[in-house]
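Working notes, beginning with the structure itself.
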Amino acid sequence: MRLATWNVNSIRSRLDRVADFLDRQDIDVLAMQETKCRDDQFPFERFDELGYEVAHVGFNQWNGVAIASRVGLENVELAFPEQPGFDKNAGESLISTPIVESRALGATCGGVRVWSLYVPNGRTLTDPHYTYKLEWLAALRDNGAKWLADDPKAEIALVGDWNIAPTDDDVWSVEYFADKTHISQPERDAFEAIVDTGYADIMRPFAPGPGVYTYWDYTQLRFPRKEGMRIDFILSSPALAARAKDAIVDREERKGKGASDHAPVIAEFTD
DNA sequence: ATGGCGTTATTTTAACGA
């Protein structure tokens, strides 16, 4: 099975690219992030024509996650249990009213429990969104641990845009990010806690760093200068990781006009 | 020095991204 994850930065802007990618890379299951549309705006028809079923969750122009599969799509969940929400009016009211955002979608595809994840950005180290990011990751870890406790042999893929560069090898400049999010110790600890639970970054052995990235800023000629970050991951449960045969970043998709700022990560699993 | 670019929408500026 060939599984990919890709922050497409608007599915409506990237539809032709995504369709070409599915064909060119012979993808069975594609998890997408930042679809940036509501369910009624998602181009389901195009995927149907290509032979893929799609599950999507999107409430507005922000966030939005989807899974397209040609090997089945069952038991769809539109968020993970107890998924934290963001309360933009925190402190202004005695009543907390967090809104759960469209950042996680689960579905079983070809026997694999796939979660398409768009981890909160965090914005800055002192922003309420940073605390939200850490809470969100802690809640995800708790769920991931429970899923494995319930069934240690479960084949689970936690994939998507994690908005964390786990090691210094995963950013083009440690100095540049020193006072920014994505490389702070609490973020790295939160990511590592999920790895420690049993979910392995299966691409690293096939694509050793430094200099292997999945995201390059649109500005400052970051892509041609090879100044990127590795923040998109396919984390696999032990049973699934044992089937990992290959994994790559498809840098071709960051080239040319109309590219997302993220490139897809692709994993191949033995049947 | 907060640009540089790209996306969205209750668009002609603002929010968000990382």
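Note on naming: letters A, B, ... go to the chains in the order of the sequence lines (proteins, then strands), and numbering restarts at 1 for each one.
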State, to 0.1 Å, how close Arg14(A) and Gly258(A) come at their nearest heavy-atom pair, and which atoms those are.
NH1-O, 3.0 Å
Between dG17(B), dA9(B), dG6(B), spot the one nearest the side chain of Lys36(A), thanks.
dG6(B)
I want to verify a distance call: between dG4(B), dA18(B), dC16(B), whose nearest atom is closest to the Thr219(A) side chain?
dG4(B)
Check for me whether the distance between the ring centres of Phe42(A) and Phe47(A) falls short of 6.0 Å.
yes
Phosphate OP1/OP2 of dG6(B): any Asn9(A) side-chain N/O under 4.0 Å:
no
Phe86(A) vs Tyr132(A) aromatic rings, parallel, tilted or perpendicular, using cut-offs 30° and 60°?
tilted
Write down the distance between CG (Asn63(A)) and P (dA15(B)), rounded to a whole number of angstrom.
17 Å
Glu34(A), nearest nucleotide to its side chain (from dA18(B), dT7(B), dC16(B))
dA18(B)
Side-chain N,O (Arg12(A)) to OP1/OP2 (dA9(B)) below 4.0 Å
yes
Candidates dA15(B), dA9(B), dG17(B) - which lies nearest the side chain of Asn121(A)
dG17(B)
Do other residues, nucleotides or ligands put more than 12 heavy atoms under 6.0 Å from the CD atom of Gln185(A)?
yes
Quickly work out the Phe191(A) CZ to dA18(B) P distance and round it to whole Å.
15 Å
Shortest side-chain distance from Tyr218(A), nucleotide among dA9(B), dA18(B), dG6(B)
dG6(B)
Given dA18(B), dT8(B), dG4(B), the nucleotide with the shortest approach to the side chain of Ser13(A)
dT8(B)
